[in-house]
Amino acid sequence: MLKQFKKILTTGIVTERVSVPKDAELEALGIEIKRHVDRKFSGSIAIRQVDAGSCNGCELEIHALNNPYYDIERFGIHFVASPRHADVLLVTGPVSRHMQTALIRTYQATPDPKWVVAVGDCATCGGEFGVSYASCGAVANVIPVDATIPGCPPTPMALMQGLLALMTR
Amino acid sequence: MSNPNWTQALRSSLSAAGVAVESDAAGDAISHWRVASEHWRTLAELALADSVRWSAGWAEQRAAGFVVHVLLEKHGVYLWAQTELGPAKPEVPSQAGVYPAANRSERHTQDMFGIQFVGHPDNRPWTRHKAWDKHQHPLRKDFPVEGRPETVTPPDMDYAFVKSHGAGTYEIPVGPVHAGIIEPGHFRFQAVGELILNLEERLGYVHKGIEKIAEGRDPPGLARLAGRVSGDTTVGHAWAACMAMERAAGVEIPPRAVLIRGILAERERVANHLGDIGAICNDVAFTFAQIQFTRLREDWLRTQAAMFGHRLMMDCVVPGGVTSDLSAEQCQAMRVGIVKLRDELADLMTTLDLNSSLEDRLYTAGFLSEDIAAAYGTVGYVGRASGQDFDVRRDAAYPPYDAVGFKVALENQGDIASRFWVRYKEIIASMKLIEQFIDRLAPGALVGDWHIPAAGSRGLGIVDGWRGEIVSFVAFEAGNRIARFYPRDPSQLNWPALEKLVLNNIVPDFPVCNKSVNGSYSGNDL
């Protein structure tokens, strides 16, 4: 236990003030997000992430938002386990035809008002996979989309900027 | 490794059983055989009798009909066998009754090509849900890539899951949409109280037609697609696909490019193991370790972004070589990063090792015996934690691994803790490998000249990705275009092992059992 405390103390706080690449910028971005979350969402916004056919690259970067550098929860954004708890659906992947109904049902299970953000090139335009017998392509081909965050995959910073863009619409 | 000539012994036993074998003397390191389709199962039986491992199976359609392929391995020596089937009613004896590892692969081939595997123990569809119907087969050349346009693809409600009967047993359906930030798939548990009696996986939800849309691509286009078979294995799959194309085309890779590929692949292994070790700890509510390991992973990814222009190193491996070079300063910075990570890990691992809550949850849980691991042909850290001493990098070494020595991590306990420690040891070994590759970097080109391969050229790429052995098959048609691409992710062999290793564990331990294996859904569903 002592070793654990020692490691915690010597690591210190690595959480970054939001910036690409300068600290001031990242900090400003975070504060801006927090301001909108406070105003529009009473201080807290709940996201349900749905992988509708991605290669898992986007999921890795969405995961990174929770690491101590970004620690996105400090800006009032947290990930929830059920669409019924969510304000926002963060959808990745070209929507595979086998996930089409599951995505529609997840969308229907999300209470209004709700926002859908298509994350990554595949979700935005079909990406490398496009439309085929197995893929519906962009998320917008299946459910209404409010905002898109391109990138293959988008970096954690790009994800944060995309979320801010959604809030300032 | 002893007895590299097992293929000769197999050939003798086949001939004793009256099976004729035609072989190509193509000068390839991999033996290439053709046998008549009626002997397909006999081949498997005799190979199994000699403890040969089943590695991969796939099919292709040619003008004269269908060709079914199997890749077998023992002591790092590969045997690639194929059999030809007529176009009218293609059928071949199933190997799945002999090798359980062939089960899902044959069902996939059946769904995609309509080739019937006679005597298969499980004739349910696997990859096919409802996006195409029973009598249509997407990988046949006459099936249009766009399929039949439908308004909405209905859910697959007809899959015949195993049922449990008896007092107190109940079913828990989970997915396809899971509660975490994770890929989709369906799990069906049968349980009594908290005890898992049976688990059935139903995958295929992220099937996005990778094999079909690969057809007609040029080599760079295929490398990009292969890099997205599974996003966490972008280097591994791109390398395997490029190796297959390079062998088909007879292209030489410059020595510097080969070393950089090695660095990329080992960095990918470290990045994923760092993330997974943290996630395993998180699944037993040991947040301290999760936070520490996600921090180390983030540092590692930032270095990659700075050096290769992409945090996950996508599109860095291209046909003939690599896209990014490493300057002397970058090499030095990479060395410094490794020294730092080594120090941090030494510190952290002592802390984790002394932690009784981790010990309680990880030891003996999720046990996979050596016998089952061998029967299912499990590879990578899942196999290596259950005594399967195989690593493509050492046993069928390809450049740059053929010029360096390293120790393959091995454990025999087969539990979550073993998989945890194998991963840790792999990080340590990878860091040493990266240092050795940097030492060997000499000035030179990054991409070799591409030769357009003749129509009908075929190649196999076999590399050790971070999850284990990846097999990639590529066939060319005229004009430098892809006629067939089949990537076999290690997950295709490791997913069935998960069904076995959760038995007699409690349902609340499923997440940590699952994470210790961490199969790829996308790499499995294709």
- Message: Show the nearest heavy-atom pair for residues A:P156 and B:R311, with the distance to one decimal.
- Response: CG-NH2, 3.4 Å
- Check against side chain to side chain contact (heavy atoms under 4.5 Å, CB included), B:R295 and A:N67: CA-CA 6 Å; B:R295 174 178 65 85; A:N67 80 33; over 6 Å; no
- Item | Residue selection (most heavy-atom pairs with chain B, distance under 4.5 Å) from A:A102, A:A64, A:S54 | A:S54
- Query: Would A:L60 and B:R297 satisfy side chain to side chain contact (heavy atoms under 4.5 Å, CB included), going step by step from the backbone distance to the final call?
  - Reply: CA-CA 11 Å; A:L60 293 174; B:R297 178 181 154 89; 3.8 Å; yes
- Query: side chain to side chain contact (heavy atoms under 4.5 Å, CB included) between A:N56 and B:Y521: does it pass, once the steps are laid out?
  - Reply: CA-CA 8 Å; A:N56 199 29; B:Y521 297 70; over 6 Å; no
- Task: Would you mind checking which part of B:N355 comes under 4.5 Å of any heavy atom in chain A, side chain (CB onward), backbone (N, CA, C, O), both or neither?
- Result: side chain
- Hey, is CZ on B:R302 packed in by over 12 heavy atoms from elsewhere, all under 6.0 Å? yes
- Note on the structure: Applying a strict 4.5 Å limit to non-hydrogen atoms, the region of A:V80 in contact with chain B is backbone
- B:D347, part contacting chain A, at a heavy-atom distance under 4.5 Å: side chain
- Would you name the heavy atoms of B:A131 and A:R97 that are closest together and state the gap between them? CB-CB, 3.7 Å
- Message: Please give me the minimum heavy-atom distance between B:L354 and A:K3, naming the atom from each residue.
- Response: CD1-CD, 4.2 Å
- Note on the structure: One should read off an interatomic distance between A:N66 CG and B:I291 CD1, to the nearest 0.5 angstrom, of 8.5 Å
- Considering only heavy atoms, which portion of B:E344 lies under 4.5 Å from any heavy atom of chain A: side chain, backbone, both, or neither? both
- Item | Heavy-atom contact with chain A under 4.5 Å, split by part of B:T127 | backbone
- Query: Which region of B:F143, side chain (C-beta onward) or backbone (N, CA, C, O), has a non-hydrogen atom less than 4.5 Å from a non-hydrogen atom of chain A, or is it both or neither?
  - Reply: side chain
- Query: Should we say atom NZ of A:K6 is surrounded by more than 12 heavy atoms from elsewhere, each under 6.0 Å from it?
  - Reply: no
- Task: Using modelled atom types only, decide if a donor and an acceptor are shared between the side chain of B:K208 and the backbone of A:G53 within a distance under 3.5 Å.
- Result: yes
- Message: I need the residue from A:Q4, A:E59, A:Q49, A:M99 with the largest number of non-hydrogen atom pairs under 4.5 Å to chain B.
- Response: A:Q4
- Item | Contact leader toward chain A among B:Q136, B:K130, B:H178, where contacts are heavy-atom pairs under 4.5 Å | B:H178
- Salt bridge A:E128-B:R217, side-chain N to carboxylate O under 4.0 Å: yes
- The reported gap from NE2 in B:H237 to SG in A:C55 (rounded to nearest 0.5 angstrom) is 10.5 Å
- A:F5 atom CZ, over 12 foreign heavy atoms within 6.0 Å: no
- Message: Is B:P155 in contact with chain A via its backbone, its side chain, both, or neither, using a 4.5 Å heavy-atom distance?
- Response: both
- Query: So, do A:P153 and B:H310 sit near enough that their side-chain heavy atoms are less than 4.5 Å apart?
  - Reply: yes
- Message: What I want to check is whether the side chains of B:D299 and A:Y69 have a donor and an acceptor closer together than 3.5 Å.
- Response: yes
- Is the number of heavy atoms from other residues, nucleotides or ligands within 6.0 Å of CG (A:L9) greater than 12? yes
- Item | Shortest non-hydrogen separation from B:G209 to A:A134 and the atoms involved | N-CB, 3.5 Å
- Query: Is any side-chain heavy atom of B:L348 closer than 4.5 Å to a side-chain heavy atom of A:K7?
  - Reply: yes
- Partner chain A: residue of B:I213, B:I181, B:V229 with the largest heavy-atom pair count (under 4.5 Å): B:I181
- Message: For chain B, which candidate among A:G57, A:C58, A:A81 shows the most heavy-atom pairs at distances under 4.5 Å?
- Response: A:A81
- Query: Can you list the steps and then say if B:E146 with A:Y133 is a side chain to side chain contact (heavy atoms under 4.5 Å, CB included)?
  - Reply: CA-CA 5 Å; B:E146 65 276 13; A:Y133 78 95; over 6 Å; no
- Item | Interface moiety of B:Y205 toward chain A, non-hydrogen atoms closer than 4.5 Å | both
- Message: Under 4.5 Å from any heavy atom of chain A, what part of B:L225 do you find: side chain, backbone, both or neither?
- Response: both
- Identify which part of A:I104 has an atom lying under 4.5 Å from any heavy atom of chain B, answering side chain, backbone, both or neither. side chain
- B:R124, CZ atom: more than 12 neighbouring heavy atoms under 6.0 Å: yes
- Query: Which one of B:R128, B:K212, B:R224 has the most heavy-atom pairs closer than 4.5 Å to chain A?
  - Reply: B:R224
- Task: Let me know if B:R228 has heavy atoms under 4.5 Å from chain A in its side chain, its backbone, both or neither.
- Result: both
- Query: Relative to chain B, which segment of A:F79 carries a heavy atom at a distance below 4.5 Å: side chain, backbone, both, or neither?
  - Reply: side chain
- Query: Is the shortest heavy-atom distance from the side chain of A:E61 to the side chain of B:L301 under 4.5 Å?
  - Reply: yes
- Note on the structure: Given A:C122, A:S96, A:P94, the one with more heavy-atom pairs under 4.5 angstrom with chain B than any other is A:S96
- Option in B:Q290, B:Q292, B:M314 with maximal non-hydrogen atom pairs under 4.5 Å from chain A: B:Q292
- Determine the option with the most heavy-atom pairs under 4.5 angstrom with chain B, choosing from A:D71, A:D51, A:T10. A:D51
- Check: A:R48 side chain, B:A179 main-chain N or O, donor-acceptor pair, under 3.5 Å: yes
- Item | Residue, of B:V206, B:L352, B:T153, B:I182, that accumulates the most heavy atom pairs under 4.5 Å with chain A | B:T153
